[in-house]
Each structure stands twice: as structure tokens, then as C-alpha cells.
Amino acid sequence: MSHTPSLDAAVPAEGGYDAYAIQQKWQARWAEKDPFRAGGDEDTRPRKYVLGMFPYPSGDLHMGHAESYAYVDVVARFWRHRGYNVLNPIGWDSFGLPAENAAIQRGADPREWTYANIDQHKKSFREYGSSYDWSRILHTSDPGYYRWNQWLFQRLYERGLAYRKQSPVNWCPNDQTVLANEQVVDGRCERCGAEVVKKKLTQWYFKITDYADRLLDDLNQLEGFWPQKVIRMQRNWIGRSVGADIEFEIEGREGRVTVFSTRPDTLHGATFFVVAPDSDLAAELAAGSSTAVRMRFQDYLESVQRETDIERQSTDRPKTGVFLERYAINPVNGERLPIWAADYVLADYGHGAVMAVPAHDQRDLDFARAFDLPVKVVVDTTAPVTGAIPIIELDDDGVPIDPGGEESPLDSIDPAKTGIALTGEGRMINSGTLDGLSKRNAIARMVEQLAAAGTGRAAKSYRLRDWLISRQRFWGTPIPMIHTEDGRIVPVPEDQLPLTLPDVQGLDLAPKGTSPLGGATEWMQTVDPETGEPALRDPDTMDTFVDSSWYFLRFLAASDETQAFPPREANKWAPVDSYIGGVEHAILHLLYARFITKVLFDMGLVEFTEPFSSLINQGMVLLDGSKMSKSKGNLVEFAASMVDPGADAVRVAIAFAGPVEDDINWEDVSTTGAQKFLARAWRVAQDVTSDPDVIWAEGDTALRRVTHRLLADAPGLVEQTKFNVVVARLMELVNATRKAIDSGAGPADPAVRESAEATAMILDLFAPHLAEEMWEILGYDGFVGLVPWRNADPTLLVEDTVTSVVQIDGKVRATLQVPARIDAAELERLARADERVVRSLAGREITRAVVRAPKVVSFSTH
RNA sequence: GCCGGUGUGGCGGAAUGGCAGACGCGACCGACUCAAAAUCGGUUGCCCGAGAGGGCGUGUGGGUUCGAGUCCCACCACCGGUACCA
């Protein structure tokens with residue numbers, strides 16, 4: 001035997017191996033040599049930045065983490081083998097509610113809970129064998145990190161992108177804090193599940209809506225590199241609508257009111273006007289009306305405000321509203337439109353008011369039918385929109401002459417009767433100079449007319465709202481602003497940053513609707529930097545999504561005390577080449593990170609506009625049909641699984657379980673199958689008897705072909721994230737090698753060594769501990785994790801003979817072994833002569849033959 | 001409602017328009033063993049047949065093609081996103 005079995009890896013008597021001993025042995029060596037640190041300026045290899053979405057340190061890792069970080073490591077190790085200088089850092093998203101809630105429960109400091117959990121995570125990641133660059137660790141709850149959140153906030157403030165406004169906000173009554181729109185899921189708090197209510201508060205916002213167009217348009221760049229699903233979700237979330245702003249006069253009121261409409265073509269069909277009950281305009285209009293109206297409006301407003309989002313969003317809910325006894329004037333025809341307040345119009349979309357065109361909008365129609373308001377059809381959806389424009393005869397006043405006589409097909413689809421709004425294509429009627437135009441042309445014409453009259457213009461509107469970043473909680477980044485006695489708001493001076501959190505001692509963290517920091521009396525007291533007069537700090541902290549919106553840049557110099565990140569390093573490493581994490585961040589985190597990246601670009605700090613060049617979304621790990629979680633009690637303990645079955649088996653089992661993007665049922669994950677496979681691989685390495693200097697070309701060709709096909713195919717499979725297929729192919733290679741050893745070329749054949757070495761190198765992506773052990777058994781020093789990829793020999797990828805299929809009328813009737821380079825005529829001759837073909841034909845005549853040499857011959861008999 | 005995705009053995013899943021079910025789990029049979037575990041070998045889509053062989057088969061119905069899991073049309077089921085966004 002050319003090798004010495006490792007002394008410190010205990011070898012059990014029955015021919016298996018001790019996975020845990022091997023794991024510990026190689027983890028110690030990695031810790032000592034630190035082989036996965038990213039190369040610096042002197043490193044001339046091309047760079048790859050591989051990043052897993054950083055974890056939140058609640059408790060220990062679980063199988064969801066095991067999945068995600070196994071994939072991250074596959075990608076990082078792959079690119080290292082492929083000759084890249086790989087950056088693969090790890091950090092912790094360590095501010096946030098769970099730490100605070102745990103602290104409240106135990107009367108402890110959230111810091112202690114957080115950092116104890118982080119220590120456990122670090123230990124677990126070491127035990128998992130993840131190939132991180134451990135020199136770049138960051139925790140967002142360190143002052144050295146959140147100091148730069150404060151820097152970022154102030155830069156946004158300077159650019160007008162951070163601002164305060166009073167507005168109805170999402171309020172979680174359980175967590176006693178506001179929530180961003182993105183954190184409300186089905187009307188409930190994303191974290192605790194409590195029903196969210198609206199509350200009018202003055203809060204800090206980031207003006208992400210200024211970037212709506214770029215956030216939408218730049219998604220085109222990501223097409224093909226991000227999952228289609230995520231791109232779609234972001235597009236829907238931003239929700240751009242194109243149409244027009246139209247201005248209406250209101251009787252008895254100075255100035256005009258603007259509404260947004262995607263259907264300005266239907267302006268002649270407007271029969272009433274609706275304002276959101278919780279808008280300032282509604283309050284103003286009601287105030288200027290009769291006492292009776294004021295009282296009815298007040299009652300209505302209160303009933304609307306009592307509703308939760310869930311009630312409000314329930315479908316098929318009857319329309320409600322109150323008539324304000326005021327009138328808007330249609331700018332195109334001077335018609336008086338009664339103004340209603342109704343909750344189907346939202347205060348924070350568009351301008352909080354709409355022109356109602358019941359004939360062509362379902363919601364307006366439902367309302368009109370509920371309150372008996374007129375319906376006026378202005379688009380004939382029965383008229384053809386392609387082909388020639390029908391000639392419409394006009395009388396002397398330019399009004400179309402009704403041809404009369406026959407009943408118009410429109411009567412049968414009259415929305416007032418059917419209750420179905422006509423939203424489709426058609427031609428304009430009852431619309432003055434627009435008559436006869438198609439919907440599309442009419443929209444363009446109306447916009448022109450409004451612009452000419454000064455009563456409107458083309459406009460866009462977005463579903464996306466500004467990002468509410470204030471939080472009434474303790475465990476987050478303090479907002480670095482000062483409220484002066486005379487009501488100004490000024491930034492904390494740069495030299496006083498970081499503005500660190502006060503000691504938790506003596507603070508009441510329990511949720512009470514205002515920030516716990518407000519109770520830190522001494523901490524709150526400061527001075528107006530301009531006047532020296534006493535002033536107060538802002539008691540709120542930032543949404544933790546601010547922390548995670550730029551952390552990938554902080555890894556490039558995690559301990560830099562002079563700047564958030566060095567632009568030079570950022571432009572060398574970023575954007576992230578492979579970003580890996582769960583689809584639950586499809587909107588929140590990814591949208592915010594994209595936004596902040598664009599702001600940094602505008603500031604001239606980075607040269608790219610998108611943070612993540614490619615995105616891999618892994619599915620979830622489920623147990624009993626639901627996501628593993630402590631509260632559900634369906635956890636598979638990570639720490640225990642590292643001992644048995646061990647890190648390698650867990651990683652292989654997960655990678656093999658199915659496609660990366662699909663959910664995995666833990667019941668379907670076979671760690672015993674993975675263990676068996678790993679033991680077989682180990683035994684193959686054990687059985688190799690040749691020396692490392694054998695000449696592979698002298699080895700068994702059949703086995704060499706299997707090895708080289710895998711060497712050729714694996715890179716493409718990894719890049720397509722078909723990790724399960726790569727593992728399957730590795731199993732095939734190990735099986736083929738086993739066969740060669742036992743009943744073929746024998747253990748001394750160079751092809752057996754070559755195959756074992758290739759197995760170790762590729763297995764490193766999934767089972768790095770065993771791969772290192774095999775590499776050592778095979779007689780090599782150094783880490784297999786750093787071995788360059790072995791390129792396939794192209795001559796071994798070409799087969800001498802192939803299996804050719806003969807089909808008769810679409811059914812396979814025979815297979816032939818033929819030379820790979822056979823020509824069509826020869827192949828057809830062989831096929832016609834084949835005994836099984838003759839038998840299947842049973843005398844029928846071949847009427848057509850299609851030959852695709854060397855793979856297929858297809859005969860037809862009719 | 002709107003937008004998107006997915007339907008393949010008992011199970012997880014493979015399959016550039018060219019032998020469907022790779023690889024594995026499970027199950028069954030056998031070897032080794034006093035026995036069990038581990039390991040090794042074999043069988044395993046369904047139906048008919050002792051066998052050779054034949055028929056059927058990728059949610060359903062149609063279509064394109066010499067040839068369809070794959071492309072097109074319609075439908076069904078399930079999953080995800082979003083939802084009074086004017």
C-alpha cells in the first residue's frame with residue numbers, strides 16, 4: 001500500500017470510517033492554516049464574490065441554515081477550484097426584535113443574548129466546515145458597524161432622501177411599533193402575526209419612491225441572472241401605472257384638485273368624484289359643507305379608521321361612502337360631479353382622489369349601483385378596433401348623428417344593467433372630438449388636450465410607498481438627529497458619531513408605544529450643535545433592514561474606522577457575483593439593498609448600480625409540512641446532526657435531495673443514503689494501490705471515460721445550480737470505480753487512481769472533510785480545497801461506438817451498436833437489415849425513412 | 001379577481017425534440033453470519049404472458065412532428081405572489 005492510514009482518524013473495525021473524527025481533524029487544520037482567506041492586491045487571479053444572506057442570531061443554526069450555507073459553500077469551493085480568488089465572508093444581522101423580546105422576558109441585556117447566540121453560530125459554522133474568510137466578520141449591532149448606518153442616514157438626509165412626515169402608518173399593537181409596508185403580510189405583522197392597524201404618526205422615511213423608475217427599469221439588467229419569480233415580484237411591488245394627472249375645479253373652493261387616472265380617455269364618462277375619507281381633502285370638503293354632512297362624515301371616518309387592514313382588504317365587500325354635498329367640475333365638459341368620500345379610494349395612492357367613471361371601472365360601477373349614481377358609456381367595446389375607423393357622421397354642431405333604427409349591441413352589455421364594467425378595447429363614443437378613436441389613441445389625444453388646456457398632463461403612479469424606517473424599539477441603530485427647542489431638526493455632528501445605545505440598566509424595554517430610549521433621560525439630553533441650547537435626541541431606532549441594505553460592502557474592510565467601505569475595494573469585488581438566500585427576501589431586503597446601492601452610485605462611491613449580479617433562491621426545509629421553527633417544535637437540531645451523521649453527510653443529503661430552488665421535506669432527506677455513499681467513496685480511496693506518479697493514460701479507458709465525462713459536465717451543472725445532479729454523477733463515478741476495482745481493471749490500475757482523485761476534488765464541493773481525508777489517503781499534502789480543476793481530455797469524451805435507436809411508426813423496435821462516425825446511408829442499411837426490424841415490419845412497406853446518424857433511424861409505413 | 005409557477009414509479013427526483021424513470025430512498029430476493037447490524041450481488045412503472053414477447057404509460061383533451069415529458073391550443077388540479085393601486 002502506498003499510503004498510511006491516518007493515525008488521528010479512527011478507523012472502525014468493520015471498514016467504515018469515523019466521520020466525526022475526520023471532521024475534527026480537518027477543521028483543526030483549516031483553523032490553523034486559514035486556507036480560504038481571500039487574496040489581496042498581489043493575487044492576480046480573477047475575483048469572485050460569493051455571499052450567503054447573513055443570518056439573524058436567534059438560537060442556534062437549524063436545517064434551513066444547513067441548506068442555505070451548504071449551497072453557498074458549494075459555489076465558493078467551486079470557483080476556488082476553477083482558479084478564482086474567492087471572497088466568501090460571514091457576518092451577523094444582529095439587531096432586531098427577537099433579542100429585545102428575549103431580553104424583556106428574562107430581564108436581561110439584549111447584548112448578552114445576541115452575542116452568546118453569535119458565538120454559538122460561529123462554532124456551528126466551524127463544525128459545518130464552511131470555507132469562510134474568517135478575517136472579515138461583522139455584527140451589525142457593533143458600534144463599529146452601526147456608526148456607518150448613521151453616516152448613511154445623514155447622507156440620505158443631506159440629499160433629501162430621508163425626511164419626516166405625518167401619515168397613517170402600519171402599527172403592530174403587539175410589538176408596539178410601526179412597520180414598513182413590506183413588513184405587513186396579509187394584514188398582519190410579519191414578525192408576530194398580530195393584526196396591523198393604522199395610526200397617524202410622524203416618522204422618518206427614506207424616499208425610495210424617487211428611485212421607483214430605476215428600481216423597475218434596472219430589473220431588465222438582472223433578467224436571466226435572478227430568478228424570474230423574484231423579478232416579477234419586484235415589478236409588481238413597484239407597480240408602475242402610466243396615465244395622466246387631471247385637474248378639477250371644486251365649486252366654492254380656491255385652487256384645483258388633481259386626480260390620477262390610467263384611463264384619461266374616459267373623462268367624458270365621469271359621473272361623480274371620490275375622495276379618500278382619511279385624506280386632508282376629505283376633511284376640508286366636509287368642513288365646508290352642512291352640519292349634517294359634517295356629522296355623517298365624522299361617523300364614517302371613525303368607522304373606517306377602526307377597521308384593520310384585514311377587514312379592509314376582504315374582497316366582495318359592499319361599497320360604503322358618504323355624499324359631501326360638494327361638486328367637482330369636469331374640465332372637459334363643465335359637468336358638475338357630486339363628490340363622495342368612500343374608503344375604496346386610498347389616501348396614500350395617487351392623489352387620494354379619483355374621477356369615477358362607472359361605465360368603465362368595476363369599482364366605480366359597484367359604487368354607482370350601490371348609491372344609484374348615473375352610468376355613462378363612452379367606449380363602445382363592441383366596435384372593432386382593428387381595421388378601418390368607421391366613418392361617423394357629424395351634424396352641424398359636431399355631434400355624431402345617431403344612425404337610429406336598429407338596437408345597438410351596446411344595449412345588451414349596458415353596465416348599469418349587467419353590473420359589469422366595460423374595461424376592454426373599443427371605440428370612443430359620447431366623447432366629443434375623441435369619438436371614433438381607439439382606446440389607445442384616445443388616451444394620447446386626451447393627454448394632449450388636457451396639456452393644451454393646462455388642466456392635466458401625462459403622469460405615472462406607483463404602488464411602491466416610501467420606506468418607513470423609524471422603530472419604537474431599543475435594539476437598533478439610534479437615529480442620529482437632534483430635535484432643538486425651537487423645533488428644528490439637525491444632524492448629530494460627525495465627530496460625535498457613533499451615537500451609541502445607552503446602557504440598558506434601568507431602562508424599561510417593554511413595549512409601550514414609545515421608544516424605550518425616550519426613558520434614558522440622560523442619554524436623551526444633548527445640545528443644539530448650532531446654538532448650544534439644550535436639545536433632545538431622536539428616541540427612535542432604525543429599521544434593521546437599513547443595516548442589511550449595504551452590509552455586503554462592509555465586508556470589504558470590516559474593521560475600517562475611517563469610512564463605511566473603501567470605494568476602491570468595492571469596485572474591485574462588488575457587485576456580489578453569487579448571492580444566495582431564501583425567497584422570503586424577494587422584496588424587502590433585496591429591494592432596499594438595490595435602492596441603497598443606487599444612492600451610493602449617485603454619491604459617486606460605487607461604480608455599479610445593482611448590488612447582486614446573480615441571485616440563487618433556495619427553497620425551505622420543511623418538517624411535517626411546515627417551516628422548521630422552535631415555536632412549532634419541529635426542529636432537527638443542527639448541533640446534534642454535526643456529530644451524527646456529521647457535517648459531510650448532512651451537506652450531501654441536502655444537496656442530493658432535489659433542486660436548489662425547491663422546498664425540501666426533511667422526511668425525504670436521507671442522511672443514511674449519504675453516509676453510505678461517503679463510505680463507498682472513502683473505501684475507493686483506501687483501495688487505490690498505485691502511486692501518485694502513475695501515468696493515467698495507461699489506465700482502463702472505460703473508467704477514464706466516466707471520470708472525464710464528469711470532469712467535463714460538472715462545471716456546467718454547478719453553474720446551473722444542478723447540485724443534485726452533480727452528486728448523482730459522483731455516485732455513478734464511485735460505483736464505476738468500485739466495479740473496476742472488484743471485477744475490472746483492479747486496484748492498481750492508473751484509471752482507478754485518477755477516478756479516486758477526481759472524486760476527491762469534486763466531492764470537496766459537498767463533503768469537504770472527507771474530500772480532504774481522501775486526498776491525504778491518496779498520498780498528497782496540502783488541501784484538496786485549493787486544487788485546480790482537472791480539465792477533461794477531449795479525446796476521452798468521444799465515444800467509439802454508440803447505441804442507435806430504430807423506430808417504426810414512432811415506436812422503438814430495435815437498438816444497434818454502431819460506430820460513432822457512421823454515415824446515414826450505412827446506418828439506414830444496417831437498420832433495414834436488422835432482424836427485429838424485419839420482424840416488426842411484418843411485410844409492411846417503408847414509405848419514409850428519417851435518419852439522424854448516429855442516434856436515430858425512424859421508419860414510417862403509411 | 002389579476003400576475004406567475006408546477007403536475008413524471010410507493011417516495012425524492014433525472015432526461016440539448018430522439019431508448020422516459022439517471023441517481024438515490026424504500027421494498028423484495030440472495031450471499032456472508034449461530035443470528036442481527038454493516039457490507040456485497042440481484043429484482044423493482046403498470047398490465048397480459050411460464051417464457052420469448054406484447055400492450056399501456058410523464059394531470060386531462062386536442063394539435064404540430066418521422067418522432068413530444070419537452071413545442072402549440074384548450075381545460076383541470078395544486079402551489080406562490082398580490083389584491084378596492086384609480
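When the C1' atom of A37(B) is taken as reference, atom CD of Gln675(A) falls 14 Å away, rounded to whole Å. Taking atom CG of Leu717(A) as the reference point, atom C1' of A15(B) lies 12 Å away to the nearest angstrom. To the nearest angstrom, P of U82(B) lies 13 Å from CG of Leu591(A). Atom-to-atom, CH2 of Trp237(A) to P of G81(B) comes out at 12 Å; the value is rounded to the nearest Å. At whole-Å resolution of the value, NZ in Lys460(A) and C1' in A86(B) are 18 Å apart. Atom pair Arg738(A):CZ and C23(B):C1' shows a separation of 19 Å (rounding to whole Å applied). Distance Lys855(A) NZ to A15(B) P: 14 Å, rounded to the nearest Å. In this structure, the CZ atom of Arg240(A) is 18 Å from the C1' atom of A86(B), given to the nearest Å.
If you check every strand for non-hydrogen atoms under 4.0 Å, Arg813(A) touches sugar and phosphate atoms only. Within 4.0 Å (heavy atoms only), Ser461(A) reaches no atom of the nucleic acid at all. Within the 4.0 angstrom heavy-atom criterion, only backbone atoms of the sugar-phosphate kind lie near Arg680(A); the bases stay farther away. Nucleic acid contact for Val812(A): sugar-phosphate only, since backbone atoms but no base atoms lie under 4.0 Å from a heavy atom of the residue. Here Asn735(A) lies in heavy-atom contact (under 4.0 Å) with sugar-phosphate atoms only.
Looking only at distances, no side-chain donor or acceptor of Tyr71(A) sits under 3.5 Å from a matching main-chain atom of Phe723(A). At distances below 3.5 Å, at least one donor-acceptor pair connects side-chain atoms of Thr271(A) with backbone N or O atoms of Pro374(A). Of the possible polar contacts, none joining the Asn724(A) side chain to the Ala657(A) backbone as a donor-acceptor pair under 3.5 Å is found. Looking only at distances, a side-chain donor or acceptor of Asp809(A) sits under 3.5 Å from a matching main-chain atom of Thr861(A).
Two residues are said to be in side-chain contact when any heavy atoms from C-beta on lie closer than 4.5 Å; His268(A) and Val332(A) meet this criterion. Between Leu591(A) and Ile238(A), some side-chain heavy-atom pair lies under the 4.5 Å cut-off.
Arg680(A) and Asn735(A) are linked by a side-chain donor-acceptor pair at a separation below 3.5 angstrom, with hydrogens and angles left out of the test.
Around CD of Gln817(A), the count of heavy atoms belonging to other residues, nucleotides or ligands within 6.0 Å exceeds 12.
For C71(B) and U64(B), the C1' atoms lie 8 Å apart once the distance is rounded to whole Å. A35(B) sits 48 Å from U16(B) when the P atoms are compared, rounded to a whole Å. Nucleotides G53(B) and U44(B) have their P atoms positioned 14 Å apart, rounded to a whole Å. C84(B) and C76(B) are spaced 26 Å apart, taking the P atom of each and rounding to whole Å. Comparing G57(B) with A68(B), their C1' atoms are spaced 14 Å from each other, to the whole Å. Spacing between G30(B) and A22(B) at atom P, rounded to whole Å, works out to 24 Å. Comparing C78(B) with U60(B), their C1' atoms sit 15 Å apart, to the nearest whole Å. Taking atom P in both A27(B) and A74(B), one finds a spacing of 45 Å when rounded to whole Å.
Across all strands shown, the partner of C23(B) is G12(B), judged by Watson-Crick or G-U wobble contacts whose two distances both fall under 3.5 Å. Across all strands shown, A83(B) remains unpaired; no Watson-Crick or G-U wobble contact has both distances below 3.5 Å. Remark: A38(B) base-pairs with no nucleotide in the shown strands. Criterion, Watson-Crick or G-U wobble with two distances under 3.5 Å. A 3.5 Å limit on both hydrogen-bonding distances identifies no Watson-Crick or G-U partner for G17(B). Nucleotide A50(B) forms no Watson-Crick or G-U wobble pair with any nucleotide shown, as no partner meets the under 3.5 Å limit on both distances. Applying the Watson-Crick and G-U wobble criteria (two distances, each under 3.5 Å), C32(B) pairs with nothing in any strand. Shown here, U60(B) forms a base pair with A74(B); the pair counts as Watson-Crick or G-U wobble because both key distances fall under 3.5 Å.
By the 30° and 60° cut-offs, the orientation of the rings of Phe248(A) relative to Phe273(A) is perpendicular.
For A86(B), neither phosphate oxygen OP1 nor OP2 lies less than 4.0 angstrom from any side-chain nitrogen or oxygen of Arg463(A). Regarding contacts with the backbone of C25(B), a side-chain N or O of Lys676(A) is found under 4.0 angstrom from either OP1 or OP2.
Using a 4.0 Å cut-off between a side-chain N of Lys or Arg and a carboxylate O of Asp or Glu, Glu223(A) and Arg235(A) qualify as a salt bridge. With respect to the salt-bridge test (charged N to carboxylate O, under 4.0 angstrom), the residues Arg821(A) and Glu826(A) do not qualify.
Nearest-nucleotide positions on RNA chain B for Lys319(A) and Thr803(A) put Thr803(A) closer to the 5' end. With the nearest nucleotide of RNA chain B identified for both Lys739(A) and Thr815(A), Thr815(A) has the one nearer the 5' end.
Listed candidates were A86(B), C19(B), C84(B). Nearest to the side chain of Ser261(A) is A86(B). Among the nucleotides A86(B), C25(B), C84(B), the one closest to any side-chain atom of Val354(A) is A86(B).
Glycosidic conformation of G61(B): anti, with the torsion beyond 90° of 0.
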Letter by letter from the 5' end, nucleotides 56-72 of chain B scores (B base, S sugar-phosphate only, - none; protein heavy atoms under 4.0 Å) S---------BS-----
Reading nucleotides 4-14 of chain B from 5' to 3' and marking B where a protein heavy atom lies under 4.0 Å of the base, S where only the sugar-phosphate is that close, and - otherwise, the string is S------SBSS
Show which side-chain atoms of residues 669-679 of chain A pair as donor or acceptor with protein atoms under 3.5 Å away, not counting sequence neighbours.
unit_1, atom_1, unit_2, atom_2, d
Ser670(A), OG, Thr672(A), OG1, 3.4
Ser670(A), OG, Gly673(A), N, 2.9

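Judged by the 6.0 Å distance and 45° axis criteria, Lys319(A) is not positioned over the aromatic ring of Phe367(A).
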